[in-house]
Amino acid sequence: RLTFGDGQPGNCTAFAVAPRLFATAAHCVTDASATFRLQDEQGRQWPAQVLYFNSVIDVATLQSEMAAQPLALGEDPHEDEVVASMNGVGGSGLWSLRGRSAGRDAAYLMVQLPGHGPGGSGSPLLCGPDYKVCGILLGRFFAGDIAVALSVSAWRDALKAHEEPPTVVK
């Protein structure tokens, strides 16, 4: 669970992608220079700072000393593939949902997740028999149970472009 620097509860989720690195939706950390907190399942809070912020595709990466088991990154889901999601907001512990990939539009996935509600922004979208991360839920809901997720391939492309030095044009 992601909270604000003053300890007030947020309404987003973040998940570990590497030791001390967490992914979430950028709209959850609207001030990239602020300090946020990650809350574990026992309610302990850990300071977190934004390392990467991309408001165009709505994804951010945070760094924190919080210990969490990183989730493995997989590939983009196929249309009509069974998917799952979980978040830690709105109750005790984690809750999960199962749904289906409903298609894609460029870097974004349309995902049918019945019952997915507040707190889902920044949650991992899990696919395949090993439940690897195949997207990041952005919490944009168009109609009923349809959510939007950023595909894991679009996220990888954005991070790769961020790490490469800018091209100099003469």
Side-chain angles (χ1 to χ4, degrees), residues 1-6 8-39 45-66 68-78 83-89 99 101-111 113 116-128 131-142 146-169:
R1 182 176 190 180
L2 181 65
T3 64
F4 301 104
D6 61 4
Q8 295 299 312
N11 202 25
C12 289
T13 299
F15 62 97
V17 294
R20 296 181 296 282
L21 292 178
F22 297 81
T24 191
H27 71 263
C28 295
V29 291
T30 55
D31 182 356
S33 64
T35 298
F36 296 87
R37 294 186 180 274
L38 296 173
Q39 182 175 315
Q45 293 189 359
W46 304 81
Q49 293 184 313
V50 178
L51 289 182
Y52 175 75
F53 182 87
N54 187 324
S55 62
V56 174
I57 61 170
D58 197 10
V59 69
T61 304
L62 309 172
Q63 182 176 21
S64 176
E65 291 302 315
M66 181 175 137
Q69 180 66 39
L71 298 177
L73 300 182
E75 301 300 323
D76 294 349
H78 303 288
V83 297
S85 183
M86 60 184 168
N87 78 40
V89 179
S101 174
R104 58 181 304 138
D105 176 22
Y108 298 97
L109 307 166
M110 302 298 186
V111 184
L113 288 173
H116 200 268
S121 293
S123 296
L125 184 66
L126 307 169
C127 300
Y131 292 102
K132 291 184 179 179
V133 176
C134 58
I136 300 172
L137 287 176
L138 303 179
R140 297 178 182 165
F141 308 102
F142 289 106
I146 302 295
V148 176
L150 178 70
S151 70
V152 73
S153 63
W155 183 40
R156 283 182 177 134
D157 291 346
L159 288 173
K160 183 179 176 186
H162 175 70
E163 293 172 356
E164 294 177 356
T167 304
V168 177
V169 180

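If you're wondering where the values come from, they're calculated on a predicted model, not measured in any experiment.
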To the nearest 0.5 angstrom, please state how far the CG atom of L150 sits from the CG atom of D157.
-> 9.5 Å

Is D76 reaching over with its side chain to a backbone N or O of S151, donor-acceptor style, under 3.5 angstrom?
-> no

Taking the side chain as C-beta and beyond, is there a heavy-atom pair between L126 and F15 under 4.5 Å?
-> no

Any F36 side-chain heavy atom under 4.5 Å of T24 side chain = no

Taking all non-hydrogen atoms of both residues, which atom of S121 and which atom of L138 are closest, and how far apart?
-> OG-O, 3.2 Å

With a 4.5 Å heavy-atom cut-off, do L62 and V29 have their side chains touching?
-> yes

Taking the side chain from T61 and the backbone from A23, do they hold a donor-acceptor pair closer than 3.5 Å?
-> no

Interatomic distance, CZ@R156 vs CD@E75, rounded to 0.5 Å, equals 5.0 Å

Between SG on residue C134 and CG on residue L71, distance to nearest 0.5 Å | 11.5 Å

Examine distances only and state if a side-chain atom of N54 and a backbone atom of A26 form a donor-acceptor pair shorter than 3.5 Å.
-> no

Among all residues two or more places apart in sequence or in another chain, which pass the side-chain contact (heavy atoms from CB on, under 4.5 Å) test with R20?
-> E65

What salt bridge (Lys or Arg N to Asp or Glu O under 4.0 Å) pairs are there with at least one residue in residues 21-30, not counting sequence neighbours?
-> none

Locate the shortest heavy-atom distance separating Q69 from A16; write the atom from each residue and the value.
-> O-CB, 3.9 Å

Heavy-atom closest pair (L137 atom, A25 atom, distance to 0.1 Å) is O-CB, 4.4 Å

